[in-house]
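Report on the structure given below.
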Amino acid sequence: MRSLLELLSGYPELLNGSLEKTEGPHSMMPILKSLRMPDPKGTRANTLPLTPSRNPFESSSGAEDDEEKGELDAFRGESAPTLPNGASCHRRATLEKLVGLSPFRLGRGGGRRVGSPGDGESRSFLGRMLGPGVRRSSADFGLLARLNGGRQGGTGDAEAAGEAARRLAFLRLGRGPKPRRGSLAERLMPSGEPALGTSPPAPAPPKVKEPLSVLEILSLIQKRELARADEHILELEAEEKLMTSGSSPGSLGEARGLPEGRRARDVTLLYEALQRELWALVRETLADPGATGGTGGAPLTQLGQVLAQEEEADGHRGPGAARRFRARWAEAVGQVAGERLEAASGAEVAAMAGRLEALRSRLLEDMGAVRTRLAPAYPPSLGAFGVYLRGYHGALSDWLRKATYHWLPLADRYALLYWHNQVYPREILGMVNMVALENGQLGPLLSAETIRSLEDECVTDVKAQTRAALLQTLQEEEEQWIGAEDQPSSLAQDVCELLEEHTDQAPRISQEFGERMAHCCLGGLAEFLQSFQQRVERFHENPSIRELPSDSYISRTITLVNCGPPLRSLAERLARLGPSESEPAREAAANALDRVTRLCHRVLADLLFQELQPHFSKLMRRKWLTSSEALDGIVGTLGAQALALRRMHDQPYQALVGELHRRALVEYVRPLLRGRLRCRSARSRSRVAGRLRDEAAQIQRLFRRLESQASWLDAVVPHLAEVLQLEDTPSIQVEVGVLVRDYPDIRRKHVAALLDVRGLRSAAARHEILAVARDLEQSGEGAPAPPRDRAFFADIPVPRPPFCLGLPLPLARLPLARLTRPDLACLPRPRPRPPARPRAQP
């Protein structure tokens with residue numbers, strides 16, 4: 001090492017007080033205007049006396065100055081060197097003496113903190129004050145700012161500070177490194193070999209790692225070095241606990257005059273800053289799942305490390321002091337999920353269905369990103385996917401609950417219930433392992449009470465809305481019935497669409513809700529059909545309707561009948577969907593439709609048979625045996641009217657054709673039993689029986705062509721013909737028994753009338769035959785009467801059988817009306833004798 005004297009002696013121009021700029025490629029050097037060194041002969045111009053340093057943080061006679069002085073004397077040999085101007089150089093200008101508090105730098109250099117102890121490097125003022133291993137707090141940096149400000153104020157203006165900096169650069173260059181004298185052992189022994197009899201050098205003491213300050217930890221947080229920052233915060237918290245408990249000797253906070261609780265407040269503030277960065281990281285990664293990188297590795301990896309470190313630290317803190325970072329992380333995930341769901345379901349979408357669709361899209365997008373990108377970045381022990389799923393589930397539950405606080409239209413309630421019961425479990429939770437969800441980790445989105453309340457509101461609204469809509473539709477339809485023009489009716493279609501709109505949506509939400517809605521709609525339908533029945537009866541009772549043309553009246557009646565099958569099918573389906581309590585409503589609806597159908601069928605049949613009545617009046621007369629005019633008219637009229645009846649639906653058409661078949665045969669048999677024709681011989685009985693069989697076959701073919709299903713009527717006329725044609729009494733008894741068995745509504749009076757047509761006058765034979773009918777009639781007294789559509793002889797009234805009185809021949813000439821009086825007024829009464837006249841006196 002060269003001394004300052006040798007350096008100065010090499011540059012004589014420096015001793016003259018000025019250093020001019022020289023030419024050449026390496027000629028750029030500072031110009032020293034004045035060295036300001038003391039002159040033994042006196043103070044020279046443009047120089048300042050070298051006074052002791054006024055640095056308040058520097059010792060006036062320190063060990064460092066003695067060491068430097070000794071080194072210089074040893075290098076000179078005998079006396080201290082002097083400058084050419086005669087000044088002695090016992091002291092050297094240093095960075096600390098000229099600048100003061102410059103070693104207060106906080107950065108890192110060469111992989112270690114500037115000012116940290118070790119390897120003989122000089123330490124800063126704060127380093128000498130705090131000692132090794134002591135953390136600087138936020139208060140130290142305030143003190144540093146105040147001291148630097150005071151030092152700069154005492155040195156003069158900015159020009160003096162710049163001149164001192166230039167002197168510093170030159171003096172550092174002139175001083176060079178400190179000289180080191182080799183020992184005798186080093187001179188004698190070769191380099192690299194230890195001296196004989198000397199022990200190997202002791203290992204250097206381990207370097208003391210200086211803790212980071214509060215601001216440095218905050219800088220790590222801002223740089224997103226979260227795991228490292230959390231480690232230092234935990235160390236700072238441990239120091240604070242030691243200071244609070246008093247286990248640390250010479251409490252550092254008291255030694256440095258820190259306010260009480262300052263370090264605890266620093267820990268709290270650092271934790272708040274750390275949490276802000278952590279939750280911001282959660283928000284950013286959800287907004288941009290592909291965002292990675294950052295200082296210290298992937299952001300979510302550092303977040304997971306922080307959670308693991310804090311969870312481990314909570315085990316040492318105890319239940320009361322635990323910071324519960326993992327729980328707060330879950331809360332932050334739920335808060336961010338709520339913000340994202342709220343942003344997705346914007347207020348610009350008015351309909352609930354559109355908002356729910358936006359929620360579905362956002363949930364699928366976010367949960368897909370969590371499953372594929374975010375969850376794998378966390379430690380597996382945290383169960384990140386489940387935390388995110390629960391967070392979104394809770395946020396969605398809050399959103400739905402807030403939506404139900406306000407009044408919702410019926411369509412919005414349907415959409416919300418369907419999304420809650422079907423869309424969310426199938427499309428959102430379907431991507432999750434359902435086995436993991438069976439443990440009750442996810443609660444219901446809405447409580448059972450809320451769901452029940454929404455369903456009740458839906459049922460109430462449907463009942464009110466459908467009732468009003470059905471009555472309005474019926475009123476409009478009735479106006480078309482009495483109109484002048486025939487218009488197609490859409491009553492049944494409108495009613496079915498109105499009710500099916502609700503009965504189709506409700507079962508898709510849940511089976512129970514579907515049953516409740518079906519029962520509600522069935523009750524409304526039964527009430528509507530009762531009103532419909534009343535309006536139909538009013539329509540047919542209206543005298544002005546009778547004045548309509550026959551074709552128009554028949555067409556409108558058929559239109560009314562055609563409303564029955566769709567509404568009946570709807571009632572049956574609603575009864576199947578609804579609970580068992582729906583059966584009374586179904587029966588009420590069916591009865592109303594049956595009454596409407598029977599009324600319309602009776603009206604149509606009456607109109608048809610009014611036209612057929614002239615032809616039926618020609619039956620069972622003498623001309624009937626030789627002419628087919630009557631039957632031809634009946635068959636032709638029925639065939640022509642059947643074309644108009646084809647516009648009727650199949651079910652009511654079959655019922656109407658069956659009724660026409662029954663009534664046609666009733667009107668055909670009626671004149672026979674009324675005794676219009678009497679057979680007096682076997683030949684006449686054979687002719688009548690043959691004629692009956694032939695015309696019965698024609699009627700049967702007609703109604704088969706009309707697709708009648710009443711095949712039970714085909715045998716009634718042939719049975720009557722057999723009774724007429726048979727001659728022996730046992731055969732007649734057998735045939736009467738078959739007739740009574742097949743047609744239970746036949747009575748003895750009908751059999752007696754048939755025997756009268758046959759011309760059977762034998763009292764014994766009549767008694768035997770009627771006995772069979774009486775026995776069968778008595779045996780079937782307990783049996784229920786046949787249904788209305790299976791009755792035949794019940795609609796055929798039979799006159800009373802004739803009776804004979806044994807009267808004298810003159811009485812037989814009296815009018816029959818006088819003979820049938822109860823008091824027998826027809827019999828001549830004996831006249832009372834007139835009173836005897838008194839004889840005249842002579």
Side-chain angles (χ1 to χ4, degrees), residues 133-135 137 209-214 216-218 220-221 223-249 251-253 260-282 285 294-337 370 374-391 393-394 436 439-443:
V134 179
R135 185 188 307 276
S137 67
K209 180 180 178 182
E210 183 176 353
L212 299 184
S213 64
V214 175
E216 289 173 323
I217 298 175
L218 180 60
L220 292 178
I221 294 174
K223 295 178 182 178
R224 292 285 174 88
E225 299 184 29
L226 304 178
R228 184 180 170 196
D230 185 61
E231 293 177 358
H232 288 282
I233 295 175
L234 291 174
E235 294 176 1
L236 184 61
E237 184 181 22
E239 294 176 5
E240 189 272 336
K241 287 184 179 180
L242 291 175
M243 292 169 52
T244 304
S245 62
S247 59
S248 178
S251 192
L252 296 177
E260 184 177 358
R262 176 62 179 269
R263 190 178 295 270
R265 187 163 61 253
D266 289 345
V267 172
T268 302
L269 294 176
L270 287 175
Y271 267 122
E272 291 178 357
L274 179 63
Q275 290 184 52
R276 283 195 298 270
E277 290 297 324
L278 291 176
W279 311 154
L281 185 59
V282 172
T285 52
T295 306
L300 292 181
T301 303
Q302 293 217 21
L303 194 154
Q305 293 177 3
V306 171
L307 296 178
Q309 292 171 182
E310 289 296 331
E311 188 173 11
E312 182 180 359
D314 283 345
H316 302 290
R317 291 189 182 111
R323 296 191 180 273
R324 302 174 59 250
F325 257 62
R326 190 166 179 176
R328 295 182 182 180
W329 166 56
E331 295 174 0
V333 170
Q335 181 179 358
V336 175
V370 169
L374 303 186
Y378 287 93
S381 60
L382 294 177
F385 184 78
V387 172
Y388 276 87
L389 179 61
R390 288 190 293 272
H393 184 83
N439 301 328
Q441 297 179 2
L442 296 179

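The basis for the numbers below is simple: all heavy atoms, side chains too, and nothing from hydrogens, waters or symmetry mates.
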Inset, instruction - Could you verify whether a donor N or O on one side chain and an acceptor N or O on the other, from Tyr378 and Gln305, lie under 3.5 Å apart? - result: no

Legend entry - Gap separating the CG atom of Leu226 from the CD atom of Gln275, nearest 0.5 angstrom: 12.0 Å

Inset, instruction - Would you mind reporting whether Leu220 and Glu216 have side-chain heavy atoms less than 4.5 Å apart? - result: no

Legend entry - Interatomic distance, Tyr271 atom OH to Arg276 atom CZ [nearest 0.5 angstrom]: 14.5 Å

Inset, instruction - Keeping the roles fixed (side chain from Glu239, backbone from Leu236), state whether a donor-acceptor pair exists under 3.5 Å. - result: no

Legend entry - Nearest-0.5 Å distance that lies between atom CD1 in Ile233 and atom CG in Leu270: 4.5 Å

Inset, instruction - May I ask you to decide if Glu311's main-chain N or O and Arg324's side chain share a donor-acceptor pair within less than 3.5 Å? - result: no

Inset, instruction - Please lay out, stage by stage, how Trp279 and Val333 fare under the test side chain to side chain contact (heavy atoms under 4.5 Å, CB included). - result: CA-CA 8 Å; Trp279 311 154; Val333 170; over 6 Å; no

Legend entry - Any Glu277 side-chain heavy atom under 4.5 Å of Arg224 side chain: yes

Legend entry - Between CG on residue Leu303 and CG on residue Leu281, distance to nearest 0.5 Å: 5.5 Å

Inset, instruction - Measure the CZ-CG distance between Phe325 and Leu274 for me, rounded to the nearest 0.5 Å. - result: 5.0 Å

Legend entry - Atom of Pro379, atom of Gly304 and distance for their closest heavy-atom approach: CD-CA, 3.6 Å

Legend entry - Where Ala384 and Ala375 come nearest, the two heavy atoms and their spacing: CB-CA, 4.1 Å

Legend entry - Which atom of Val370 lies closest to which atom of Pro376, heavy atoms considered: O-CD, 3.9 Å

Inset, instruction - Would you give the length of the straight line joining atom CD of Gln302 to atom CZ of Arg228, rounded to the nearest 0.5 angstrom? - result: 10.5 Å

Inset, instruction - State, yes or no, whether a side-chain contact exists between Val282 and Tyr388 at a heavy-atom distance under 4.5 Å. - result: yes

Inset, instruction - Taking all non-hydrogen atoms of both residues into account, name the closest pair between Ile221 and Ala229 and its distance. - result: CG1-CB, 3.6 Å

Inset, instruction - List in chain and number order the residues that pass side chain to side chain donor-acceptor pair (under 3.5 Å) with Glu231, two or more places apart in sequence or in another chain; answer none if no residue qualifies. - result: none

Inset, instruction - Report yes if some heavy atom in the side chain of Leu382 is under 4.5 Å from a heavy atom in the side chain of Val387; otherwise report no. - result: no

Legend entry - Pairwise side-chain contact, Glu310 with Leu307, heavy-atom cut-off 4.5 Å (strictly under): no

